[in-house]
2 protein chains.
Amino acid sequence: MTELNKDTEGKILEAAQDVFTEKGMSGTRMQEIADKAGINKSLLHYYYRSKEKLFGAVFKAVLVKFMPKTLKVLSSDLPLFEKIEKFVDGYIDIITKHPSAPLFLIFELHRNPDGIAGILLNAFKEIGFNPVESFAKDVKIAKEMGLVHEGVDSKHLFVNMMSLCIFPVAARPLLQRIGFENDKKAYDKFLEMRKLEVTTFLINSIRKS
Amino acid sequence: MTELNKDTEGKILEAAQDVFTEKGMSGTRMQEIADKAGINKSLLHYYYRSKEKLFGAVFKAVLVKFMPKTLKVLSSDLPLFEKIEKFVDGYIDIITKHPSAPLFLIFELHRNPDGIAGILLNAFKEIGFNPVESFAKDVKIAKEMGLVHEGVDSKHLFVNMMSLCIFPVAARPLLQRIGFENDKKAYDKFLEMRKLEVTTFLINSIRKS
DNA sequence: TTATAGTTTAACCATTTGGTCAAAATTATT
DNA sequence: AATAATTTTGACCAAATGGTTAAACTATAA
């Protein structure tokens, strides 16, 4: 629990977030959430009518935790290289703090794509901002300024950036074992270094000259 | 079903693979596997004693499908750049053919890291080959030949390569929607192009001169 | 043909699980 | 203080689920 004094509804949502992001929708038991929140199982249904409703609330909450910071960077008018740097830095930070969140989002999206992707797309519509399109503009400008190769494809670049940030955290249980002898601290350090590594890696591969 | 005539045990394993990789351990119902295999639920327990045993068989089968091809490339004595090219090409191919497999592996590994990673590590031990270490040697040689920058870190490079191959397939339900208007063919094409894109992207970022 | 071993099925069982409900406890209102 | 509204609990329920078992079916060999 982040805060000590919280109303029941908040305590439930927080506990639910822990369990849902860790075990996914189908792996989560309402009883476990209740235990973690230190309350009776019936209370879950009192505040959130059903498991699905509670799941929806959690999913939204996780999105809200992730989107604002990252969108702020992406929608800023920083030049491309700085934007990449800021994004990578902030993104690796935030998913390191919530390591099970991205895998949770991806897995549940895979399970029920249309039902869940709707939430995301609506969020984009509401703020009238699509990160992919916005990124394409940035790349175009950088090309016109002669900073990046003409051959650079903005969509590939965007996907590359996301991949390089998310995958090493999502696949940590695997990677930490096959490449770091399961040394937690070593992997933490590795992730910290990745901020610079990924940034220079990305920029090196697109920079002209 | 790939083959028409299969013994019951094979039919079960194939159906189980479909359902498990799609929905994960906790989201899978034994009944659904039985239905998909066209047999009685009791038969599942006749051939594989329990759900966990069946899950274990599936997990191993998925590993076996992935490992050999990729390990063959990684353990070959091709020079670094060609090795990267061959690996990326083959890997994107195979995970495009089994799109839910990598997410399945990662998710289940996240759920029960020690229990499951053991299988993997044992597989490596058996063949006396660790892809990460082997890759480190290749990079070292390429450095000595003056082909790549001194600053290149082999572990980052390896993780980058895996990330760039796996994530775009694993997160397809999300990416296809936010960047490709949910156009399946467009995303297929995007993935196909990624083979070249990722290869040049990786090599550009490490090549000297 | 008949005995035998292996395969498949239907009926059942025990437990788990999401969910309900009425009563108790607590808090707010008059 | 008395009453009403809200919150919390424990007991309970129906459906789902992994698993068992005995019987039926099939193929094989003597």
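Chain identifiers are assigned alphabetically (A, B, ...) following the order of the sequence lines, protein sequences preceding nucleic acid strands; residue numbering begins at 1 within each chain.
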Touch class at under 4.0 angstrom, heavy-atom based, for A:S26 against every strand present: nothing

Electrostatic pair A:D7:A:K11 at N-O distance under 4.0 angstrom: no

For atom CG of B:N40 and atom C1' of D:dA24, their distance in whole Å: 12 Å

Closest nucleotide among D:dG10, D:dT8, D:dG18 to the B:H45 side chain: D:dG18

Nucleotide nearest A:S42 (side chain, heavy atoms from C-beta), chosen from D:dT21, D:dA11, D:dG19: D:dA11

Validation row: A:F66, A:P102 side chains within 4.5 angstrom (heavy atoms): yes

Separation of D:dG18 C1' from B:E32 CD (nearest whole Å): 15 Å

Sidechain N-carboxylate O distance under 4.0 Å for A:D93, A:K195: yes

Criterion ring-ring contact (aromatic ring centres under 6.0 Å, His included) against B:F20, the qualifying member of B:F107, B:F55, B:F104, B:Y48: B:F55

A:L43 CG to D:dT6 C1', straight-line distance once rounded to whole Å: 11 Å

Nearest-angstrom distance from the residue atom CG of B:L44 to P of D:dT20: 12 Å

Where chain B begins and ends its contact with DNA chain C, read 5' to 3' at 4.0 Å from heavy atoms: C:dG6 to C:dA11

Distance-only side-chain donor-acceptor flag, A:Q31 / A:D35, under 3.5 Å: yes

Spacing of B:E52 atom CD relative to D:dT17 atom P, expressed in whole Å: 17 Å

Ring-face cation contact, B:F190 with A:K155, 6.0 Å cut, 45° max: no

Sugar-phosphate, base or nothing in reach of A:Y48, heavy atoms under 4.0 Å: nothing

B:I39 CD1 - D:dC25 C1' separation (whole Å): 16 Å

Separation of atom OH in A:Y46 from atom P in D:dT6, rounded to whole Å: 7 Å

With sequence neighbours excluded, residues passing side-chain contact (heavy atoms from CB on, under 4.5 Å) with A:L174: A:I178, B:L109, B:L120

Value in whole Å for how far the P atom of D:dA14 lies from CE of A:M30: 20 Å

